[in-house]
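For reference, the structure discussed in these notes is given below.
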Amino acid sequence: MTTTREQTQRLLSFWVASLSIVVFALMISAWTAAFSHANRNQQQNVEALAATMERQFFRNADLSALDRWLPDLLLSYEFSRLRLESDGNDLYQWQAPYPLQRHQSHFEVRLSNDVTMNVVMPAPQILMGFSAREWVVIGAGLLSSLAMVLIGYFWLTREMNGVELLAARSRRILDGEWSAARERSRSERPISTAKALGLLHKVWQEEKAAKRKLDHFIRTNTFLDAELGIGNRSFFDHRLQAQAEGGVITQQGMVALFQFTGLEGLPVQERKPVKRQFIELARPIIAEHFDTVFANLNSLELALLVPQVPLKECEGLVSKLMKCVEMITLPKCVYRDELLYIGVAYYNRGDTPDQVLSEAEMALKAALLQGESGWFMYDKGAVDRELAQGSVRWRSMIENALARDGLVLFMAPVLTQSGELAHLEVFSRLRSPQGELLRATLYRTMAWRCGLIPQIELRLVEIALRKLRDHDWPVRVSVNISAESLLHERFIKRLKMLLASYSSRRQQLILEINERELVAQSDKLEQPLSQLKSVDCLLAVDGVGQSVEELDYVERFGVDLIKLHNSLAQKVHLRPENQLYIGSVVKSLAQSNVIILAEGVEFEEERQRLAELDVVGYQGALAGKASDDLEALKRVF
């Protein structure tokens with residue numbers, strides 16, 4: 001903008017100088033012409049006088065008779081002095097009765113009879129010779145010229161300022177600020193170009209909306225059952241596989257299979273209203289549990305995946321779901337007592353996804369053998385000892401850990417496709433009084449029930465920034481923040497105070513929030529997230545693809561990074577549906593500045609296919625394991 005303004009000032013200065021020079025040249029030319037004309041008139045008067053004197057001498061007129069008419073003639077032509085001489089003798093002299101002016105023009109003419117005529121006349125005085133009326137005309141001309149220069153200067157300044165505004169708007173568009181194309185100012189010039197940019201932005205917005213609608217349709221039909229509004233079989237299988245690392249499940253949870261045996265005699269289209277009623281009744285119940293997956297397996301079966309649920313709560317959850325049968329409106333030929341059977345399998349760390357699904361199927365068969373509608377849980381002797389502790393005991397243990405720095409940070413590298421370090425992601429464990437390191441999937445579940453999540457996440461941010469400062473490493477680090485913390489009345493204030501004390505490190509902080517939480521509470525989260533963005537924090541969204549959501553939150557919240565759910569990266573080179581989904585996400589965000597990363601990448605084949613799909617970076621087993629030794633990570637990268 002500065003360069004453009006300098007060019008504008010130079011252009012305006014050149015224009016004013018050129019116009020001034022033209023006006024000055026015209027004035028000089030007019031003055032020169034007037035002066036030349038006055039001199040030429042005097043020359044003509046002298047020549048006319050010489051011709052008159054020639055005729056007088058030709059007639060042999062008496063020179064004494066000249067006094068009768070010559071003085072009047074000389075005065076009428078404004079002569080000052082006249083002298084006729086011959087061979088050095090004066091023949092006739094005349095001088096005007098008024099005093100001579102300072103500047104005089106002298107003329108000498110040789111007549112034919114060897115008489116020399118010397119004439120003196122006042123020199124032309126152009127400025128002093130103008131009359132009052134002529135000076136008025138000259139002044140009016142000068143004022144008109146000056147007025148035109150000023151009017152032209154201000155008009156050209158305004159027009160050039162409009163050009164600068166349009167140029168600034170164009171540069172913002174080139175820098176990726178697509179919204180600038182919509183922000184048209186009436187001062188922009190040329191007007192046609194400004195209107196054209198606005199029209200192109202409108203067309204682009206319409207095409208972008210249509211493309212997003214198409215991409216959302218593709219993602220919806222890839223993993224969702226469009227008629228029931230829940231996931232399909234691929235969606236469920238991928239989410240179950242995502243619970244495992246290296247083929248082994250790393251947390252606790254529950255899988256339930258729902259079979260609507262009572263609908264077997266109905267056509268497929270008549271079964272859907274009954275299943276839809278059950279889904280609508282079940283949603284408020286399972287909404288209490290985070291990260292649940294509800295899917296349609298076939299025309300008679302549904303499946304439910306509930307991670308991180310304690311064993312003792314499974315029975316209560318399934319019993320509530322079973323009671324939904326009593327509120328369903330059934331066709332006349334369907335009996336309520338034979339409508340629904342549920343098979344439940346509780347999985348623990350060390351199980352495999354295939355094993356869990358097999359156990360759920362066996363539990364479903366056992367439920368069918370019971371006769372009336374009911375449920376059965378496959379019992380393999382698993383006892384959730386860790387989660388069986390009471391909330392009071394957990395609260396005490398977590399608070400003690402916060403007081404004595406019992407949180408242990410592990411940082412996992414996130415790499416670009418070229419193998420460079422993009423940033424580190426923070427994982428944590430809680431040190432128990434016995435010295436054991438409890439996984440986040442275990443202690444965070446209980447911390448959430450005790451209302452201690454905001455304190456834990458604030459402490460994690462503090463520890464991460466302190467480690468970066470102590471090791472003097474300018475790498476960025478991401479910390480997972482829950483919506484509960486962001487909506488806590490004191491969390492944002494304390495976090496901003498913490499960032500103020502680490503002012504040189506706050507630009508290294510990436511706050512990471514789950515997509516489902518962000519979308520579900522977008523209106524409430526808008527203000528706290530904008531406050532954090534205003535203090536230079538970066539915003540990342542993880543779990544993208546865990547459910548099918550609109551991606552408009554990227555522009556709304558100024559998201560800097562998104563992380564694809566690990567179920568999308570697992571075996572992506574063998575799953576065309578995952579590739580279609582990821583390609584749709586990448587194309588939807590092609591016009592934004594967001595960086596797309598993938599989670600859970602374990603094999604080189606997965607990384608290569610993700611690179612082909614324009615995913616910028618990845619994390620997981622292939623990128624490197626999480627480590628609590630930051631100095632070792634620094635040496636590697």
Side-chain angles (χ1 to χ4, degrees), residues 220 223-237 239-240 253-347 356-380 382 547:
T220 299
F223 287 130
L224 291 190
D225 186 300
E227 295 183 347
L228 296 179
I230 58 176
N232 55 22
R233 183 61 186 256
S234 296
F235 185 79
F236 176 78
D237 290 341
R239 297 307 180 271
L240 180 59
M254 178 191 85
V255 170
L257 299 179
F258 303 79
Q259 183 168 312
F260 291 84
T261 307
L263 302 179
E264 282 184 332
L266 295 178
V268 175
Q269 292 301 323
E270 294 184 15
R271 299 173 187 176
K272 291 180 180 178
V274 177
K275 293 172 68 177
R276 193 176 293 112
Q277 290 182 64
F278 178 78
I279 292 169
E280 294 300 323
L281 293 170
R283 273 178 173 161
I285 299 173
I286 64 177
E288 300 175 1
H289 301 273
F290 180 72
D291 218 15
T292 58
V293 175
F294 211 2
N296 183 36
L297 302 186
N298 54 54
S299 62
L300 289 176
E301 287 190 15
L302 300 176
L304 177 66
L305 170 64
V306 186
Q308 302 181 30
V309 60
L311 177 61
K312 64 180 182 180
E313 292 188 12
C314 289
E315 182 177 349
L317 175 60
V318 178
S319 297
K320 291 179 182 179
L321 293 173
M322 200 69 214
K323 290 180 180 179
C324 295
V325 175
E326 301 174 2
M327 294 179 279
I328 297 176
T329 302
L330 300 175
K332 293 182 180 180
C333 57
V334 178
Y335 298 99
R336 197 177 301 275
D337 293 341
E338 301 175 354
L339 175 64
L340 178 64
Y341 298 88
I342 306 176
V344 182
Y346 187 82
Y347 59 84
V356 174
L357 195 57
S358 176
E359 292 170 357
E361 291 173 350
M362 286 189 284
L364 179 59
K365 292 178 182 179
L368 289 169
L369 294 174
Q370 292 178 353
E372 295 184 355
S373 295
W375 64 276
F376 183 85
M377 177 179 286
Y378 182 82
D379 185 8
K380 58 184 176 181
S547 59

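No hydrogens, no waters, no symmetry mates; every other heavy atom, side chains included, goes into these values.
Side chains of Ile279 and Ile230 form a contact here, defined as non-hydrogen atoms less than 4.5 Å apart. Between Met377 and Cys314 there is a side-chain heavy-atom pair separated by less than 4.5 Å. Looking only at side-chain heavy atoms (C-beta outward), Thr292 and Val309 stay at 4.5 Å or farther from each other. The side-chain heavy atoms of Ile285 and Leu321, taken from C-beta on, include a pair separated by under 4.5 Å. In this structure, the side chains of Leu297 and Leu257 come closer than 4.5 Å at one or more pairs of heavy atoms.
Panel note: side chain Glu301, backbone Asn296; no donor-acceptor pair is recorded below 3.5 Å. With hydrogens and angles ignored, the 3.5 Å screen pairs no side-chain donor or acceptor of Tyr346 with any backbone N or O of Val255. Not one N or O on the side chain of Arg233 forms a donor-acceptor pair closer than 3.5 Å with the backbone of Asn298. Remark: side-chain polar atoms of Arg239 are not paired, donor with acceptor, to backbone N or O of Phe294 under 3.5 angstrom. Looking only at distances, a side-chain donor or acceptor of Ser373 sits under 3.5 Å from a matching main-chain atom of Asp337.
When each of Val344, Leu311, Leu305 is checked for a side-chain contact (heavy atoms from CB on, under 4.5 Å) with Met254, only Val344 meets the rule.
The distance between the ring centers of Phe376 and Tyr341 does not fall below 6.0 angstrom. Ring centers of Phe260 and Phe278: under 6.0 Å apart, within the cut-off.
In this structure, Lys320 NZ and Lys323 NZ are separated by 8.5 Å, a value rounded to the nearest 0.5 Å. Rounding to the nearest 0.5 angstrom, the gap separating the CD1 atom in Ile342 from the OG atom in Ser319 is 8.5 Å.
Shown here are the side-chain hydrogen bond (donor to acceptor under 3.5 Å, both in side chains) partners of Glu313, two or more places apart in sequence or in another chain: Arg449.
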